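For reference, the structure is listed below as structure tokens.
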Number of protein chains: 2
Amino acid sequence: MVEPKETKKEYPKPAVTVDIVLFTILDKKLKVLLIKRALEPFKGMWAIPGGFVKMPESLEAAAKRELQEETGAKDIYLEQLYTFGEPDRDPRDRVITVAYMALTNSEKIVLTPKTDVSDAKWFSVDELPKLAFDHSKILEYALKRLKWKFEYTTVAFSLLPEKFTMSQVQSLYEIAFNKKFDKRNFNKKIRSLKILNKESTQKNVSYRPPKLYSLRKNLPSIIEVVKPSD
Amino acid sequence: MVEPKETKKEYPKPAVTVDIVLFTILDKKLKVLLIKRALEPFKGMWAIPGGFVKMPESLEAAAKRELQEETGAKDIYLEQLYTFGEPDRDPRDRVITVAYMALTNSEKIVLTPKTDVSDAKWFSVDELPKLAFDHSKILEYALKRLKWKFEYTTVAFSLLPEKFTMSQVQSLYEIAFNKKFDKRNFNKKIRSLKILNKESTQKNVSYRPPKLYSLRKNLPSIIEVVKPSD
DNA sequence: TCAAAAGTGTTGTGTGTACACCCATGT
DNA sequence: ACATGGGTGTACACACAACACTTTTGA
């Protein structure tokens with residue numbers, strides 16, 4: 001990195017924000033958290049939650065803080081996606097935004113809109129409203145990454161409770177890929193990955209009680225869960 | 001994205017730079033371009049080339065500009081990697097850097113150090129000096145991404161001339177993965193991808209003249225060139 | 001006994017991997 | 001004629017895909 005003398009001269013600087021695309025599964029659908037803007041610009045429009053990076057905090061810390069302010073949730077899976085910096089993406093100022101993707105089990109969180117937000121809601125990813133700024137582009141990118149990550153890693157499991165059944169896992173993948181999988185093949189594939197611990201057997205269901213599993217700790221980060229499509 | 005009223009109050013902003021990890025193949029080795037810093041901080045140390053983002057230019061435009069200033073090269077493969085923003089990564093100011101990876105055929109370019117740089121050189125990726133800032137981390141990340149991209153996409157071909165032989169392709173992959181491939185299997189795999197046009201046959205070599213190929217245009221972006229390892 | 005979801009195996013097809021010899025050219 | 005890198009095929013192992021019936025429980 002080159003640091004020309006200009007540093008001292010205080011050239012104008014862009015503002016830096018973080019925006020977070022938070023996904024969850026709700027009503028058998030993949031949903032994303034959007035907030036309704038209470039202020040200009042794009043007042044009244046839906047947008048991805050986010051905010052300015054404060055001077056002493058890292059980008060990831062800023063993303064975590066924003067996420068917690070909106071949802072109260074801690075221990076959320078969080079991953080940096082991409083940085084969007086077209087000069088005209090904010091109509092007022094030059095604003096560069098570092099986009100993050102987050103995944104959570106929807107039961108863990110309670111929506112608590114901040115004061116600069118008039119509403120916060122879950123939207124199905126296939127029934128999205130028009131979004132403020134370039135947030136549609138960001139969301140589209142996040143969706144691509146989500147699918148990719150589901151194929152090649154175990155992040156999908158962060159959308160499930162601690163203990164879960166095999167059909168919950170399958171349902172999760174079917175929702176994300178909008179596609180049915182064969183139960184036997186899916187089972188076999190997941191078992192062959194050796195990423196699950198057997199826990200116990202669920203009770204109090206009016207049908208054959210399923211086995212419960214949990215995700216093993218300290219797994220390698222890339223493991224190819226489902227076969228790439230197309 | 002939320003834009004609180006703070007915008008108008010001109011809170012302090014971090015500076016934003018782009019840093020570019022430029023790879024090439026030279027002397028049968030994977031090399032990276034480093035510059036020797038002529039100014040503080042880290043004066044005299046090697047670093048990844050980069051510089052400040054100017055107000056009216058996009059991040060990618062800034063990366064292209066810096067790259068061209070250093071190398072004179074246009075039409076270089078360029079891809080955003082990751083944004084590094086730890087508050088203390090620059091000892092003076094808060095500086096957030098958007099890292100890019102670039103690939104070029106080394107014959108296309110001529111190194112032309114800028115005035116704030118006292119030297120610019122190609123380093124083998126396995127013989128790197130200590131680097132300024134967090135640039136070692138950035139480079140490490142770039143290398144991971146490079147390998148990943150080589151496995152799953154055709155970006156590797158941007159390190160080759162317009163027309164090339166099959167052994168040049170194989171050699172490229174062998175260098176990047178530091179691993180030998182079987183000639184017949186490699187050939188078969190590449191041919192099965194249907195990503196190459198047959199061009200003609202090379203002349204003036206003192207051995208059986210090889211066939212020349214070029215990369216087809218408008219290929220899908222993901223195609224799994226080599227099998228994932230580990 | 002019924003409803004509901006759980007659980008379980010075999011076979012065919014395609015893809016990856018291992019492996020060795022002859023070919024075309026310039027000198 | 002020889003040195004140099006170019007070019008080619010077959011056999012085995014493994015992973016994916018297609019496919020249907022029986023089991024366990026609570027009501």
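The structure presented is a predicted model; accordingly, all values stated were derived computationally and were not measured.
Distance, B/Gln202 CD to C/dC23 P: 22 Å, rounded to whole Å. In this structure, the CD atom of A/Glu151 is 12 Å from the P atom of D/dC16, given to the nearest Å. Between A/Asp182 atom CG and C/dG7 atom C1' there is a gap of 12 Å when expressed in whole angstrom units. Between the CZ atom of A/Phe186 and the C1' atom of D/dA15 there is a distance of 16 Å, rounded to whole Å. Atom pair B/Leu212:CG and D/dG6:P shows a separation of 11 Å (rounding to whole Å applied). Going from atom NZ of A/Lys180 over to atom P of D/dA18 covers 15 Å, rounded to whole Å. Atom CG in A/Asn204 sits about 14 Å away from atom C1' in D/dT24, given to the nearest Å. If you measure from atom OH of B/Tyr213 to atom C1' of D/dG7, you get 9 Å, rounded to the nearest angstrom.
A distance of 9.5 Å separates CG of B/Leu81 from OH of B/Tyr100, quoted to the nearest 0.5 Å. Atom OG1 in B/Thr104 sits 11.0 Å away from atom CG in B/Leu160 (nearest 0.5 Å).
Contact check on A/Glu151 versus A/Lys147 returns no salt bridge, with no Lys/Arg side-chain nitrogen under 4.0 Å from an Asp/Glu carboxylate oxygen. Taking a cutoff of 4.0 Å between a charged side-chain nitrogen and a carboxylate oxygen, A/Glu79 and A/Arg145 qualify as a salt bridge.
Here A/Lys180 pairs with A/Glu174 under the salt bridge (charged side-chain N to carboxylate O under 4.0 Å, His left out) rule; sequence neighbours left out.
With the nearest nucleotide of DNA chain C identified for both A/Lys188 and A/Tyr207, A/Tyr207 has the one nearer the 5' end.
The nucleotide whose nearest atom lies closest to any side-chain atom of A/Arg184 is, among C/dG9, C/dT25, C/dG7, C/dG9. Closest to the A/Arg208 side chain, of the nucleotides D/dG7, C/dA5, D/dG9, is C/dA5. For A/Lys211, taking side-chain heavy atoms from C-beta onward, the closest of the listed nucleotides D/dT10, C/dG7, D/dG5 is C/dG7. For A/Pro210, taking side-chain heavy atoms from C-beta onward, the closest of the listed nucleotides D/dG9, C/dC23, C/dA6 is C/dA6.
Nucleic acid contact class of A/Ser192 (heavy atoms, under 4.0 Å, all strands): none.
Distances shorter than 4.0 Å separate none of the side-chain N or O atoms of B/Ser167 from OP1 or OP2 on D/dG5. Of the side-chain N and O atoms in A/Ser206, none sit less than 4.0 angstrom from OP1 or OP2 of D/dT25.
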